[in-house]
There are 2 protein chains.
Amino acid sequence: MTTEPSTVPTGGPHRPPEEEYLRLHHQICFSLHAASRAFSGVYRVVLKDLGLTYPQYLVMLVLWEHGELPVKRIGELLRLDSGTLSPLLKRLEAAGLVHRARSTEDERSVTVRLTERGDALREPAQRVPRRIAEATGLTAAEVTELRERLTRLTDALDSARLTD
Amino acid sequence: MTTEPSTVPTGGPHRPPEEEYLRLHHQICFSLHAASRAFSGVYRVVLKDLGLTYPQYLVMLVLWEHGELPVKRIGELLRLDSGTLSPLLKRLEAAGLVHRARSTEDERSVTVRLTERGDALREPAQRVPRRIAEATGLTAAEVTELRERLTRLTDALDSARLTD
DNA sequence: CCCATTTTAGTTGTGCACAACTTGATTGTG
DNA sequence: CACAATCAAGTTGTGCACAACTAAAATGGG
C-alpha cells in the first residue's frame, strides 16, 4: 500500500479536480520557494565581496536610502520583526557598518544609523544591481511586471491570513 | 555625512542609471523575498492541523506522488541537499510519517518510504491546495503563467551562478 | 496622579538553508 | 587485486524566519 500509492498522474479516463489542484499547486508553491532560494544563491555569490548576506543587504539598502531609521521602521519596510532584526543588526554593528543607540526622546526606540564604513560600502554596492539584473535575464519591463504581480500576491496572502 | 546621505531619489535634473537600477532592483529582490515569506505564512496556518511545516509538506508531496524515494532523488526534485533533508527527514520519521532504511543493493543510499500514517495523511492534505489557491486570489491561468515565469527565472539564476 | 494597557526591543526555542566537512560504500583504472 | 576518485548521507556551524515570551518605557482613562 505504501510501496505504490497513487502513482503517475492517472490511468483513469477523467482526472478528479482535486488531483489537478494538487499538481498545479505543488508547482506554484514549489516554484516560488525555489526561485527565492535561487535568488539568494546568486546574491550570496555577488555579495560575498561586500561581506554581506542577502537580508543584511536589504537592511543596508533601506539605510542607504534613509540614512538612519528606528528598528521599528526597518521592520515595517522589510516586513521583518525584532526577532529577526535584533540579531541581524547586532551582526552589522559587530562588522562596523551600523551604530545603534537608544533614542533620547523615546527610550523604547533604538535608532540605527550608518557608520562611515557603512556609508562607504554604498559605492561598491552600486555595482550589485546590474550584476543581478544580468543573472535574471529579464528585461526592465519584465522585472516591473513580475514585481507588481508578486506584490499583489503578497498583499492577497497577507490579507487572507488575517481573515483566517 | 552619515546622518543624511543620498536622500530621496534625486534633486538633480537627470537621474543616473545606477540609481534607477538600484531602486528597481531593490523592489524585485525584496518582492520575491516577501512573497515567499508570505506564502510560508499562509502555509503555516493551513498546515498546522496536519502538523507539517511547509518544507516537510513539500517532501510529503513528492512521497505521496512516488511512494518511496532515495534521499538523493528527493533532493533533486526539491533542489535541497542532505544538510537540509537529513534533519528534516529525521523529524518526519520521529512524527511517524516516514520510514528510512539503508538500501540493500547500495549501502550508501537511504530509501525513504511512507508509513501507513504518512500515507493516511494524504487524505486530509487533499484540502490544502484549494485553501491556498483561494488565499492567492489568482485564477488558474495566472497561476500557470506565474509558475512558468518563476521557473524560467530560477533556471536563469542557476545557470548564471554556474558561470560565475 | 495612578495604574492598566500598549508599544518597542530584545530573548529563547524550533526549524530551514547551505557551506564545509566527515564517514563509509562503490567504482574505475592501473 | 589495490587504491585513488567519486558518491550518498550525515554532521557541524552560521545565519535567517518566526512564534512566544520578557523587560522597560510611554500613554491614556478614571
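Order of the sequence lines fixes the chain letters, A, B, ..., with proteins taken first and strands second; residue numbering starts at 1 for each chain. A quick note: this is a predicted structure, and the numbers were derived from the prediction, not measured.
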ask   = Is the distance from OP1 or OP2 of dC18(C) to the nearest side-chain N or O of Arg37(A) less than 4.0 Å?
value = yes

request  = Verify the contact: side-chain N or O of Arg44(A) to OP1 or OP2 of dA19(C), cut-off strictly under 4.0 Å; return yes or no.
outcome  = yes

Nearest-nucleotide pick for Gln56(B), side chain only, options being dG15(C), dA17(C), dA8(D) = dG15(C)

query = When the distance from NZ of Lys48(A) to C1' of dG15(D) is rounded to whole Å, what number comes out?
reply = 15 Å

task = Indicate the atoms forming the closest heavy-atom contact of Pro55(B) with Leu88(B), along with that distance.
result = CB-CD1, 3.8 Å

ask   = Salt bridge check: are Arg73(B) and Glu76(B) linked by an N-O gap of less than 4.0 Å?
value = yes

ask   = Between dG10(C), dC18(D), dG15(C), which nucleotide has the shortest distance from any of its atoms to the side chain of Arg100(A)?
value = dG10(C)

request  = Find the distance Arg79(B):CZ to dC18(C):P and express it as a whole number of Å.
outcome  = 6 Å

query = Where do Leu85(B) and Leu80(B) come nearest, in terms of heavy atoms and distance?
reply = CD1-O, 3.9 Å

query = Can a side chain N or O of Arg102(B) be found less than 4.0 Å away from OP1 or OP2 on dA25(C)?
reply = no

key: Residue whose nearest DNA chain C nucleotide is more 5′ - His33(A) or Ser109(A)   = Ser109(A)

Sugar-phosphate, base or nothing in reach of Arg73(A), heavy atoms under 4.0 Å = nothing

ask   = Using 30° and 60° as the class limits, which term best fits the ring planes of Tyr54(A) and Tyr43(A): parallel, tilted or perpendicular?
value = parallel

request  = With a 4.0 Å heavy-atom cut-off, tell me which residues in residues 81-90 of chain B come close to DNA chain D, sorted by residue number.
outcome  = Ser82(B), Gly83(B), Ser86(B), Lys90(B)

ask   = Which value, rounded to the nearest 0.5 Å, describes the distance between Arg122(B) atom CZ and Glu65(B) atom CD?
value = 8.0 Å

ask   = Do you know which of Leu77(B), Val112(B), Leu78(B) makes side chain to side chain contact (heavy atoms under 4.5 Å, CB included) with Val59(B)?
value = Leu78(B)

Extract from the structure each pairing of a protein N or O with an N or O of nucleotides 24-28 of chain D at less than 3.5 Å, listing the distance.
{"residue": "dA26(D)", "atom": "OP1", "partner": "Glu107(A)", "partner atom": "N", "Å": "3.1"}

From Ser40(B) atom OG to His33(A) atom NE2, the distance as rounded to the nearest 0.5 Å = 7.0 Å

message = Distance check needed: dA17(C) C1' versus Phe39(A) CZ, whole Å only.
response = 17 Å

key: Nearest-Å distance for atom pair CG/P, residues Leu47(A) and dT14(D)   = 20 Å

inquiry  = Show the nearest heavy-atom pair for residues Thr154(B) and Ser31(A), with the distance to one decimal.
reply    = OG1-O, 4.2 Å

key: Minimum heavy-atom distance Leu114(B)-Leu63(B), with the two atoms named   = CD1-O, 3.6 Å

